[in-house]
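Everything below concerns the one structure shown next.
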Protein chains: 2
Amino acid sequence: MASPRRTTLADVAQEVGVSAKTVSRVLNGDGPTSRETREKVMAVVEKLGFQPNLMARNIRVGGPDSTVGLIIPDMGNPFFGSVAGGIESAVRERGLTLLMGSCADDPARERALIDTFLARRVSALMVVPTVGADHAHLRTARANGLPVVFLDRPGTGLTADSVVSSNRDGAREGTAHLIAAGHRRIAFVGDRPATLYTRRERLAGYREALDAADLPYDRSLVLDCHTEAEAADAVQRALRDPQPPTAILAANNFAAMGTVLGTTRAGRRDVALVSFDDLPFAEVLEPAITTVAQDPTAIGTAAAEIALARLDGDRTRARTVTVPTRLIPRGSGELPPTTR
Amino acid sequence: MASPRRTTLADVAQEVGVSAKTVSRVLNGDGPTSRETREKVMAVVEKLGFQPNLMARNIRVGGPDSTVGLIIPDMGNPFFGSVAGGIESAVRERGLTLLMGSCADDPARERALIDTFLARRVSALMVVPTVGADHAHLRTARANGLPVVFLDRPGTGLTADSVVSSNRDGAREGTAHLIAAGHRRIAFVGDRPATLYTRRERLAGYREALDAADLPYDRSLVLDCHTEAEAADAVQRALRDPQPPTAILAANNFAAMGTVLGTTRAGRRDVALVSFDDLPFAEVLEPAITTVAQDPTAIGTAAAEIALARLDGDRTRARTVTVPTRLIPRGSGELPPTTR
DNA sequence: ATGAAAGCGCTAACAA
DNA sequence: TTGTTAGCGCTTTCAT
């Protein structure tokens with residue numbers, strides 16, 4: 001029942017007939033070792049299935065572990081997958097391994113994951129902050145030299161590096177695109193809660209575009225939803241209004257999917273849609289959806305670069321990197337609507 | 001420049017004026033401690049921002065780390081995100097933390113990640129095997145009591161627990177659905193390489209359905225593709241054939257997206273489609289897409305349950321759990337095609 | 001309720 | 001080229 005004690009470096013050493021340190025030298029390739037010893041050691045390592053205990057190593061060496069921790073709010077969102085991919089390829093070149101965990105939109109869980117990573121002495125910590133989370137407790141770790149980077153949204157209660165999309169500009173451009181096509185009643189479908197950073201920024205961009213065109217800001221055209229289903233319902237309801245929108249700016253991918261669902265269910269093909277964040281089927285839907293594409297991979301890469309620079313001793317003050325978005329016109333919102 | 005040595009348990013002890021062991025007792029709540037000591041210790045811990053070094057703890061305690069490792073081939077695929085979510089919620093109840101890494105479809109990278117997790121003494125290891133990877137080297141670890149579970153596909157070179165979808169049955173049902181609607185030329189759009197487990201199984205199911213209906217198996221109707229773009233091209237080409245398919249079974253989500261792209265670009269709305277793996281917009285597209293839905297969360301949960309049972313001492317032989325798929329008819333493939 | 005000493009698996013520093 | 005000793009930060013064991 002009790003599993004046999006795991007093979008240790010000492011076991012290997014004894015079996016080979018050398019000292020532990022020699023085995024260590026062979027495995028880590030630091031000190032000089034004779035070709036013969038090397039071969040014998042490797043053979044025994046293989047035979048015994050020895051796996052060095054990295055924790056024991058790290059504890060002795062004292063430095064941080066060769067991992068980078070990433071915490072995301074939701075595994076189901078492919079946006080974060082792409083972000084992670086960007087980080088991964090950047091840190092891998094430095095021999096670091098990306099480990100990630102999801103907190104499932106739960107601030108307490110985010111805190112627990114942060115502690116887990118800190119306790120395991122990651123080299124750097126990347127966090128996509130969850131709504132309601134506070135990051136003041138990271139102050140000490142950061143002060144002690146741990147690079148901390150916030151992605152997609154700035155952290156709360158802690159000034160640290162962060163990488164975000166050009167939310168405001170992107171939303172402004174997207175809205176302006178609809179306005180240029182002649183729309184005057186444009187709904188904004190955004191995430192909840194309304195205090196969410198990305199939501200606030202994108203709403204601000206939307207308003208800037210309205211202002212620039214001297215269009216009134218109508219609070220009733222701003223819809224809240226956290227899920228695709230909610231967005232679909234909200235959109236269907238809005239379309240039944242006496243003064244319905246003729247176009248919609250969906251402020252994130254879920255909102256956009258819900259919007260498509262909602263307009264489809266309402267049997268409406270004539271509602272123009274611009275989506276913040278690219279969509280899998282943007283090109284295929286009828287009409288094809290114009291998007292304000294983010295670059296999640298670039299966000300990840302930028303974050304990794306900052307973290308690596310910090311590891312290299314960069315002690316300049318915290319900066320915020322803005323990754324530009326790109327408007328991809330795709331039919332929807334391009335032609336003057338029939339209701340013009 | 002050199003960051004100050006991190007605060008240790010001993011630092012806290014000295015500051016409070018007690019022994020290290022006492023601080024340890026307070027933090028882990030094992031031995032008895034006076035209320036007064038507890039408060040003083042906690043205060044200093046807070047003040048110094050002390051983070052216990054879990055590696056040092058684990059090394060002394062000897063047991064495995066309180067983490068479960070998951071390796072997936074691709075972060076961009078939301079399917080794996082859902083699988084991870086299933087694992088997460090199941091292991092969390094046991095106080096375990098899920099850590100995952102992506103190998104980006106690279107067998108060498110998978111190997112490195114496995115070694116990383118082994119070296120960090122995870123409690124259990126879950127792997128979605130990457131094409132070309134071999135898992136024989138996991139034998140020792142498994143023999144020493146480490147639970148190893150393969151997801152989505154069985155591992156190579158190692159008999160271990162695995163959890164898979166009912167690929168064959170699902171593909172058969174999906175194909176039968178198309179046949180029942182009157183289709184006789186049904187294309188199969190599957191992943192590359194053709195040796196891929198899921199691809200093989202699903203193709204087998206497709207063939208079973210053809211056989212059952214006495215339809216011929218036409219090799220030219222089997223299309224290979226690893227990306228959405230490849231699938232789109234392949235489908236467009238197939239539709240230009242003298243004897244084009246009237247229906248398509250897409251064997252995974254990328255293939256399905258590509259198929260939708262391909263048929264759309266070809267201006268064909270009359271091609272019936274059944275997709276293995278549910279799609280974001282299945283319901284919205286015209287016509288709505290019938291899917292053979294997998295249950296990725298259930299796959300994750302099942303895998304976690306097996307691993308936990310192993311941790312509890314279950315030493316029965318390796319088993320394979322099959323998670324059923326579910327046919328969701330949604331218009332596409334329901335009505336007799338015009339070409340009947 | 002608390003402390004002292006020993007030791008987990010490994011490597012730094014010094015020998016030989 | 002190799003071995004020895006000490007010690008990383010923590011917990012175990014045994015004392016008090």
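- One can place CE of M55(B) at 14 Å from P of dC10(C), the figure rounded to the nearest angstrom.
- Ion pairing between D314(B) and R319(B) holds under the 4.0 Å rule for side-chain N and carboxylate O.
- With hydrogens and angles ignored, a donor-acceptor pair under 3.5 angstrom links the side chain of R25(A) to the base of dG3(D).
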Under the salt bridge (Lys or Arg N to Asp or Glu O under 4.0 Å) criterion, do D312(A) and R94(A) qualify, and how do the steps go?
CA-CA 11 Å; D312(A) 289 340; R94(A) 287 280 285 259; 2.8 Å; yes

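- The shortest non-hydrogen separation linking V23(A) to V41(A) is CG1-CG1, 4.0 Å.
- The NZ-C1' distance, from K21(B) to dC10(D), rounds to 9 Å in whole Å.
- The nearest whole Å value for the distance from the CD atom in E39(A) to the C1' atom in dT1(D) is 15 Å.
- No hydrogens or angles were tested; on distance alone, nothing pairs the side chain of R60(B) with the base of dG9(D) as donor and acceptor under 3.5 Å.
- In this structure, N58(A) reaches neither bases nor backbone, as no heavy-atom distance under 4.0 Å exists between it and the strands shown.
- When the P atom of dG9(D) is taken as reference, atom CG of L54(B) falls 15 Å away, rounded to whole Å.
- Atom CG in D65(A) sits about 15 Å away from atom P in dC10(C), given to the nearest Å.
- Of all nucleotides listed (dA4(C), dT2(D), dC10(C)), dA4(C) comes nearest to the side chain of S19(B).
- Between the CG atom of L9(A) and the C1' atom of dG3(D) there is a distance of 14 Å, rounded to whole Å.
- In terms of position on DNA chain C, the residue among G62(B) and V18(B) whose nearest nucleotide sits closer to the 5' end is V18(B).
- Taking a 6.0 Å sphere around CD of Q14(B), one finds it holds 12 or fewer heavy atoms contributed by other residues, nucleotides or ligands.
- Nearest-nucleotide positions on DNA chain D for D30(B) and A56(B) put A56(B) closer to the 5' end.
- The separation between R120(B) atom CZ and dC10(C) atom P is 14 Å, rounded to whole Å.
- Summarising the geometry, the separation between CZ on R121(A) and P on dC10(C) is reported as 20 Å, rounded to the nearest angstrom.
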